[in-house]
Amino acid sequence: MQKTAGAGSRLIETTNAFNPNENSIAQRTYEAAMEYGAKGILYDCREAVRDIDLKDEAAVRAGVIDAYGDSHWVDVDGIVAAIMDPRTSAAVAYRFYLNNIQENANGWLVKAEWGACFDDDDLILPGDQIAIGFDGSIRGDATGLVGCRLRDGKLFVLHLQENPRDPKNPDWEVDVLAVEAAVKKAFGTYRVEWFYGDPPYWQEALGRWSIEYGDDYVYEYWTNKPMRMCEATERFHSAVVVGDLKHDGDPDLTRHCLNAVTREVPQGLLITKDSPRSKKKIDLAVCAILAFEARADAIADGRLQIKRRRVVGF
């Protein structure tokens with residue numbers, strides 16, 4: 001764009017209100033203009049008053065009229081009916097009809113709440129007691145390791161491999177030796193007190209790790225058992241909401257966690273991708289849940305050692 005700016009070129013972007021969890025072009029343009037004061041961007045938007053009661057027809061009608069301004073050709077009655085249709089989710093109503101910036105209603109984590117858990121003051125150091133969560137694939141999904149420090153629940157990424165979806169390399173597979181090296185490095189660098197790994201494709205590796213590092217340190221954790229996984233997912237989500245966990249701001253971990261949406265099962269809520277063929281990965285989110293659960297079990301088993309300062313009086 002800058003190369004041809006002198007020739008009088010212009011770029012127009014028109015869009016619905018964005019979902020702040022998607023990091024879309026619309027969001028980046030909005031933030032550049034409204035938050036960072038970028039020059040050369042004219043941002044214009046009409047939106048309804050925030051947090052309209054979607055069950056109040058009069059309020060909804062006023063909001064639609066406000067959002068569409070002087071667009072006299074708009075079918076206000078039709079839009080009001082669409083908003084109040086019980087099949088229309090709140091996220092769709094706010095974003096696509098009232099032009100409010102809104103996260104998906106079925107999004108797992110709220111971006112602001114996840115951001116509030118960021119902590120860069122207390123770094124993870126070699127020798128720290130940690131728990132680890134592992135979720136592995138061979139080709140399609142990502143493979144990762146996430147650590148969680150026992151004393152404060154701080155999350156950090158130990159390893160990640162994602163299919164690059166490169167047409168020139170359609171036969172891409174996870175580098176198994178790199179995963180083995182990452183596990184070995186983690187056990188050599190930190191005091192790993194508990195390791196939970198999802199077994200599919202990696203059951204043999206988990207068995208070897210259990211022999212090498214101790215069967216009271218490395219455990220299988222089948223994420224396809226809904227009751228157990230629902231409970232772990234809820235504990236993790238609650239910890240984010242109330243600030244009982246931390247993370248170091250790793251962009252991949254953040255991306256995976258905010259990509260996750262919820263799926264209701266009889267036992268509760270699980271996380272999943274937004275569609276079966278979605279390219280938005282969530283594997284590190286699964287690793288984080290397992291790591292946080294491993295931390296809780298390690299602490300319950302009495303493995304947390306708190307260093308106490310000795311006070312000497314004179």
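Keep in mind that the numbers below use all heavy atoms, side chains included, and drop hydrogens, waters and symmetry copies.
Every residue meeting the side-chain hydrogen bond (donor to acceptor under 3.5 Å, both in side chains) condition with Thr254, not counting sequence neighbours, appears here in chain and number order: Trp114. Trp202 pairs by the side-chain hydrogen bond (donor to acceptor under 3.5 Å, both in side chains) definition with nothing, not counting sequence neighbours. By the side-chain hydrogen bond (donor to acceptor under 3.5 Å, both in side chains) test, Thr223 pairs with Asp198, sequence neighbours left out.
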#### Entry: salt bridge (charged side-chain N to carboxylate O under 4.0 Å, His left out) between Arg139 and Asp171, intermediate numbers included
CA-CA 8 Å; Arg139 297 181 183 86; Asp171 298 323; over 6 Å; no

#### Entry: CA sep, side-chain torsions, deciding dist, call: Glu220, Gln203, side chain to side chain donor-acceptor pair (under 3.5 Å)
CA-CA 8 Å; Glu220 293 182 353; Gln203 201 159 8; 3.3 Å; yes

### Query
salt bridge (charged side-chain N to carboxylate O under 4.0 Å, His left out) between Lys154 and Asp128: does it pass, once the steps are laid out?
CA-CA 11 Å; Lys154 187 170 185 177; Asp128 280 350; over 6 Å; no

### Message
For a salt bridge (charged side-chain N to carboxylate O under 4.0 Å, His left out) check, start with the C-alpha distance between Glu204 and Arg208, then their side-chain angles and the critical distance, and finish with the verdict.
### Response
CA-CA 6 Å; Glu204 186 272 337; Arg208 283 190 292 100; 2.7 Å; yes

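Using a 4.5 Å heavy-atom threshold, the side chains of Asp252 and Lys281 count as separate. Considering only heavy atoms from C-beta on, Leu145 stays 4.5 Å or farther from Cys287 through its side chain. For the pair Val261/Thr272, a side-chain contact is recorded, criterion being any heavy-atom separation below 4.5 Å from C-beta on. Between Lys273 and Asp141, the closest side-chain pair of non-hydrogen atoms falls below 4.5 Å. Within the 4.5 Å cutoff, no side-chain heavy atoms of Glu234 are placed close to those of Leu269. Between Glu47 and Leu98, the closest side-chain pair of non-hydrogen atoms is not below 4.5 Å.
With rounding to the nearest 0.5 Å, the separation of CG in Leu54 from OH in Tyr94 is 4.0 Å. In this structure, NZ on Lys246 lies 11.0 Å from CG on Asp120, to the nearest 0.5 angstrom. Rounding to the nearest 0.5 angstrom, the gap separating the OH atom in Tyr68 from the OH atom in Tyr97 is 7.5 Å. Atom CZ of residue Arg95 and atom CG of residue Asn100 lie 11.0 Å apart, to the nearest 0.5 angstrom. Here the straight-line distance linking atom CD1 of Ile52 with atom CD1 of Ile83 works out to 7.5 Å at 0.5 Å rounding. If you take CD on Gln267 and CD on Glu231, they are separated by 9.5 Å, rounding to the nearest 0.5 Å.
Legend: ring pair (Phe, Tyr, Trp, His ring centres under 6.0 Å) pairs involving residues 151-176, not counting sequence neighbours, sorted by first then second residue: Phe156-Tyr190. Residue pairs that meet the ring pair (Phe, Tyr, Trp, His ring centres under 6.0 Å) test with at least one member in residues 248-293, sequence neighbours left out, are Phe236-Phe292. Sorted by first and then second residue, the salt bridge (Lys or Arg N to Asp or Glu O under 4.0 Å) pairs involving residues 283-301 (not counting sequence neighbours) are Arg235-Glu293, Asp301-Arg303.
Other residues, nucleotides and ligands place no more than 12 heavy atoms under 6.0 Å from the OH atom of Tyr201. No more than 12 heavy-atom neighbours from other residues, nucleotides or ligands sit within 6.0 angstrom of CG on Asp70.
Remark: aromatic rings of Phe134 and Trp209 are close, center separation under 6.0 Å.
Using cut-offs of 30° and 60° for the angle between ring planes, the Tyr30 and Tyr43 rings count as perpendicular.
A pairwise comparison of heavy atoms in Cys45 and Asn99 identifies SG-ND2, 3.4 Å as the closest pair.
Asp66 contributes no side-chain N or O that, together with a main-chain N or O of Ala62, makes up a donor-acceptor pair within less than 3.5 Å. The closest donor-acceptor contact from the side chain of Thr29 to the backbone of Ile25 lies under 3.5 Å.
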